[in-house]
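Heads up: the structure comes next, in structure tokens.
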Amino acid sequence: MAIKQHMKQWLYATTVVVSASATTSAWAEDAHSYAKLDEVSTPHLELDLTIDFDAKQLRGTATYDLLRHGDASQLHLDTRELSIQKTEIWVDGAWQETAHQLGDEHESLGQELTISIGEESEKVRIHYATAPTASGLQWLTPEQTKSKKFPFMFSQSQPIHARSWMPIQDTPALRLTYDAKLHTPKGMLAVMSANNSLSPERNGEYTFSMPQPISPYLIAIAAGELEVKSISDNVAVFAEPYIIDDAAWEWADTPAMITATEAMYGPYRWDRYDLLVLPPSFPFGGMENPRLSFITPTVVSGDRTLINLIAHELAHSWSGNLVTNASWRDMWLNEGFTSYVENRIMEALFGERRAVMEQALGYQDLLDDMSRLAPKDTVLNIELGTRHPDDVFSNVPYVKGQLFLMYLEEKFGRETFDSFLRQYFDDFAFQSISTAQFKEYLARNLLAKHPNVVSMDKVNEWIHQPGLPEDAPKPASDAFAQVEKQMQRWLKGGQLETADWTTHEWLHFINSLPLDISSVNMKRLDEQFQFTQSSNAEIAHAWLKLSITKDYEPARERLRNYLLTIGRNKLVSPLYRELAKTPENLKWAREVYQQAKPGYHPLTQTVNEALLYPEK
């Protein structure tokens, strides 16, 4: 079997051990991939791609090493909207063309690509091109960037969008290393979730290597007018020139976050941790692509109050990237653990008061989500079938998962639970696991060692039942209680004492204002604190949402501008949802959306069109 020699050496050096039964069990559970990993898997990928901004297309080759687990003569890959031009296999030291077939298109899964690989081939090479409408890529014209000099392109592969820009076994159960060569117009910089050069040279030819095995959704690519600024020996920021200095200042605590997390949960195993600031159209707060987290510019707030998002993406370096959910039913293993670790990082650096405020805000968001979700979609180990994972995205895997781990911490004590969690990261390092595997590990390494503390029935209630258990933690912040007292005093004509308030306190204040607040008091607040013009995207979001509910006209123009310039789903979707509640606002929202749509990511378009055009 042909496996890259450096892959073999790396695996042996890190002593990664996966039992055959555990691996097969994890592979068998992913309903969102056509891959048959138990027959043939692909442990190493080589990409050679040209980035064509005029055609909005990636084109080139994807070459895989083949690892056979039996006598299968076919390789099964996932694709969506790809043009497959030719497939080849490497036999006896030469490439020879081989047959391939594309299956019927499935609304969620795309098309299965089946390639004949014979009995002796060691590699397969696919010549292909992407579609301009690839769901995992966004193409921005120069006019849609800040400097208006160069176009910009970036990927978002999670959960199952990698298949839209490369033919791949697009399941998180797979672990693979990769090398890549990218070709861009001169003057632009291409980056990937791999080793990125800090050199100022922009010659249009770039090479990359990712020696640690990752899941396919963590392969990422971007290209644009990018500069680099180092924060420490192993942390740098990549960004467009207009925001590079601000972002580097904003995220100066990142090295300290790494140190704090290593002290709790073991070594950082990815060499570098760099950050890429994407255009405002990026649909998420961040994406934990290894070695190069993709980050929204909406958390560059000028006061370092939103860096819990950086802590979240960094935490994925342990929970998600290092130990990965084997299927998207198990997403809580990524996001619940990461939300827990994120909060522990924030507590270690900024104290318990801030950590508890963030817990309380997350808890409020979870309750809001669960109030409008079907009960079946409030289960941690969610039953997806072949529904697209994007369609059930919510705070449940994040915050309910975090609350479950907080519950275990409370029951077993922090010292015991931290020891368990650190061992968990070590024992499953560079592996993809299922909920069933986690439960077995939890029972053996925590519950059995400390009997009569938490039962497996209770664990199953958390993981498999809808809603929250009766004895779930209910985070409440003393700081927020003081905010509420001040709010009541202010509503009676008193003054607010806000000199020491953080973003979290302001958010709680706005979100707690009574829905029957008068227009006079809305205006009074706005004049005193300039909420409508706030440069903090989170505070502006909360205020604009309230302004829609109260029909506060002075905020309408800012609302329009906000929707036209920000594409982060967390910030724009709740605004569209609120606007859709009345016929007049829905009509206005549709007009704004049509203006904003060309600058929105395909994922943002899908989510918000469902809100604004439910009849489609």
For the aromatic rings, using the six-membered ring if either is Trp, is the centroid distance between Phe393 and Tyr398 under 6.0 Å? yes
Between Ser327 and Asp330, is any side-chain donor less than 3.5 angstrom from a side-chain acceptor? yes
Relative to each other, are the rings of Phe282 and Phe154 parallel, tilted or perpendicular (30° and 60° limits)? perpendicular
Establish, yes or no, whether the cationic atom of Arg558 lies under 6.0 Å from the six-membered ring centre of Trp543 and within 45° of the ring axis. no
For Leu58, is there any backbone N or O sitting under 3.5 Å from a side-chain donor or acceptor partner on Thr130? yes
Would you please test Arg560 and Leu564 for side chain to side chain contact (heavy atoms under 4.5 Å, CB included) and show each step? CA-CA 6 Å; Arg560 176 191 294 273; Leu564 289 174; 3.8 Å; yes
Within the side chain of Asp52, is there an N or O that forms a donor-acceptor pair under 3.5 Å with the backbone of Ala55? yes
Test ring pair (Phe, Tyr, Trp, His ring centres under 6.0 Å) on Trp501 and Phe509 and set out the steps. CA-CA 10 Å; Trp501 279 15; Phe509 174 81; 5.7 Å; yes
Going by atom types alone, do Ser281 and His601 pair a side-chain donor with an acceptor below 3.5 Å? no
Does Gly467 offer a backbone N or O that forms a donor-acceptor pair with the side chain of Lys400 under 3.5 Å? yes
Any side-chain to backbone donor/acceptor pair from Asn608 onto Thr606? Under 3.5 Å, distance only. no
Check for a donor-acceptor pair, side chain of Thr79 on one end and backbone N or O of Leu82 on the other, with a separation under 3.5 Å. no
Counting only heavy atoms not in Glu143 (residues, nucleotides, ligands), do more than 12 fall under 6.0 Å from its CD? yes
Check: His312/Glu288 side-chain N/O donor and acceptor closer than 3.5 Å: no
Has the side chain of Asn343 got a donor or acceptor atom that lies under 3.5 Å from a matching backbone atom of Ser339? no
May I ask you to check whether His161 and His388 place their ring centers less than 6.0 Å from one another? yes
Donor-acceptor pair, side chain of Glu505 and main chain of Thr502, under 3.5 angstrom: yes
Verify, without hydrogens or angle tests, whether Thr296 (side chain) and Gly286 (backbone) share a donor-acceptor contact under 3.5 angstrom. no
Test item: Ile51 and Leu49 side chains (from C-beta on) under 4.5 Å apart, heavy atoms: no
Ignoring hydrogens and angles, tell me if any N or O in the side chain of Ser319 forms a donor-acceptor pair with the backbone of Ala315 under 3.5 Å. yes
When the ring centroid of His504 is compared with that of His508, is the distance short of 6.0 Å? no
Closer than 3.5 angstrom, by distance alone: can the side chain of Asp170 be matched with the main-chain N or O of Tyr217 as a donor-acceptor pair? no
